[in-house]
Amino acid sequence: MNDRVRLEPSWKERIGSYLDRPDMHALSTFLRDEKAQGKVIYPPGPEIFNAFTHTPFDRVRVVILGQDPYHGPGQAHGLSFSVRPGVRVPPSLLNMFKEIEDSLGIPRPDHGCLTPWADRGVLLLNASLTVEAGQAASHQGKGWEGFTDAAIDALNREREGLVFMLWGSHAQKKGQLIDGKRHCILRSVHPSPLSAHRGFMGCGHFAKANDYFASRGEPPIDWSLPRRAELDVS
């Protein structure tokens with residue numbers, strides 16, 4: 001699998017060898033077979049590793065963990081919680097924007113594309129990097145989780161002072177890989193409308209992340225997003 005994957009160089013240096021494992025070869029075979037059967041896989045192949053492309057290893061400051069990509073047409077583009085410009089903003093992301101507006105006074109954008117966040121050091125990582133169209137969680141347990149665990153483990157060991165936002169039980173399981181003495185771990189229920197009212201709304205995570213950076217003498221994350229007409233998503 002390694003020779004066919006265009007993984008950003010700083011990430012490839014740390015976790016590229018993981019792609020040579022038997023479970024990753026099995027995952028590659030599974031994906032090829034699914035496509036051969038005519039199944040549609042999201043996101044498109046060139047965008048599967050977008051999170052790593054936009055946020056190189058040494059530029060990561062915040063990690064926001066999602067579960068798996070959106071499974072509707074035209075939504076997923078390799079960044080957790082993000083959708084392409086022009087696609088309706090999903091409910092979970094809308095709640096994230098509401099929380100940012102309430103805690104930081106930043107108005108909600110007119111789109112749901114989070115590429116600017118990724119370019120500013122926010123690693124938008126899903127536990128599984130692919131999904132079958134219309135079938136939520138269809139690629140869980142196929143091998144992606146070990147790969148994304150390896151990415152988090154590398155960040156935990158080689159970096160210091162990162163903020164990990166773990167929303168919901170699925171993301172919080174990944175918290176076992178993170179040293180809370182070296183990094184800031186923020187936990188909450190998932191921003192989904194099914195659970196957001198039980199603690200996500202009002203959690204203040206975006207403000208708390210910036211407070212943590214301030215305590216370390218580091219600049220804050222700019223959580224604002226340009227208007228859709230001003231987006232550069234290349």
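Numbering of residues begins at 1 and proceeds along the displayed sequence.
Listed by first then second residue, pairs satisfying side-chain hydrogen bond (donor to acceptor under 3.5 Å, both in side chains) with a partner in residues 33-45 read Glu34-Lys39, not counting sequence neighbours. Judged as a salt bridge (Lys or Arg N to Asp or Glu O under 4.0 Å), not a single pair has a partner in residues 69-79 (not counting sequence neighbours). For the salt bridge (Lys or Arg N to Asp or Glu O under 4.0 Å) condition, no pair includes a residue of residues 202-215, sequence neighbours left out. Here side-chain hydrogen bond (donor to acceptor under 3.5 Å, both in side chains) pairs that include residues 71-91, with residues two or more places apart or in two chains, are Glu47-Arg84, His77-Ser82.
Judged as a side-chain hydrogen bond (donor to acceptor under 3.5 Å, both in side chains), and not counting sequence neighbours, the contacts of Asp149 are Lys174. Residues passing the side-chain hydrogen bond (donor to acceptor under 3.5 Å, both in side chains) test with Ser188: none are found, sequence neighbours excluded. Remark: Arg187 pairs with no residue by the salt bridge (charged side-chain N to carboxylate O under 4.0 Å, His left out) rule, at least two apart or across chains. Residues satisfying the salt bridge (charged side-chain N to carboxylate O under 4.0 Å, His left out) criterion with Glu230, sequence neighbours excluded, are absent altogether. When the side-chain hydrogen bond (donor to acceptor under 3.5 Å, both in side chains) test is applied to Gln67, no partner is found at least two apart in sequence or on another chain.
A salt bridge links Asp23 to Arg21: one of the charged nitrogens lies within less than 4.0 Å of a carboxylate oxygen.
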Per-pair distances, 0.1 Å, donor-acceptor, side chain in residues 127-135, under 3.5 Å, sequence neighbours excluded:
| unit_1 | atom_1 | unit_2 | atom_2 | d |
| --- | --- | --- | --- | --- |
| Ser128 | OG | Glu145 | OE2 | 3.2 |
| Thr130 | OG1 | His139 | ND1 | 2.7 |
| Thr130 | OG1 | Trp144 | NE1 | 2.8 |

List the atom pairs, with distances to 0.1 Å, where a side-chain N or O of residues 194-201 and a protein N or O form a donor-acceptor pair under 3.5 Å, not counting sequence neighbours.
| unit_1 | atom_1 | unit_2 | atom_2 | d |
| --- | --- | --- | --- | --- |
| Ser195 | OG | His190 | O | 2.7 |
| Arg198 | NH1 | Leu194 | O | 3.2 |

When the side chains of residues 102-109 are checked against the rest of the protein, which donor-acceptor pairs come out under 3.5 Å, sequence neighbours left out?
| unit_1 | atom_1 | unit_2 | atom_2 | d |
| --- | --- | --- | --- | --- |
| Ser103 | OG | Glu99 | O | 2.8 |
| Arg108 | NE | Glu101 | OE1 | 2.8 |
| Arg108 | NH2 | Glu101 | OE1 | 3.1 |

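Around atom CZ of Arg227, no more than 12 heavy atoms belonging to other residues, nucleotides or ligands sit under 6.0 Å away.
Listed here is the closest heavy atom pair of His54 and Thr115: CE1-CG2, 3.4 Å.
Ring to ring, Phe81 and Trp117 are not that close: their centroids are 6.0 angstrom or more apart.
Both tests hold for Arg61 against Phe213: distance to the six-membered ring centre under 6.0 Å, angle to the ring axis within 45°.
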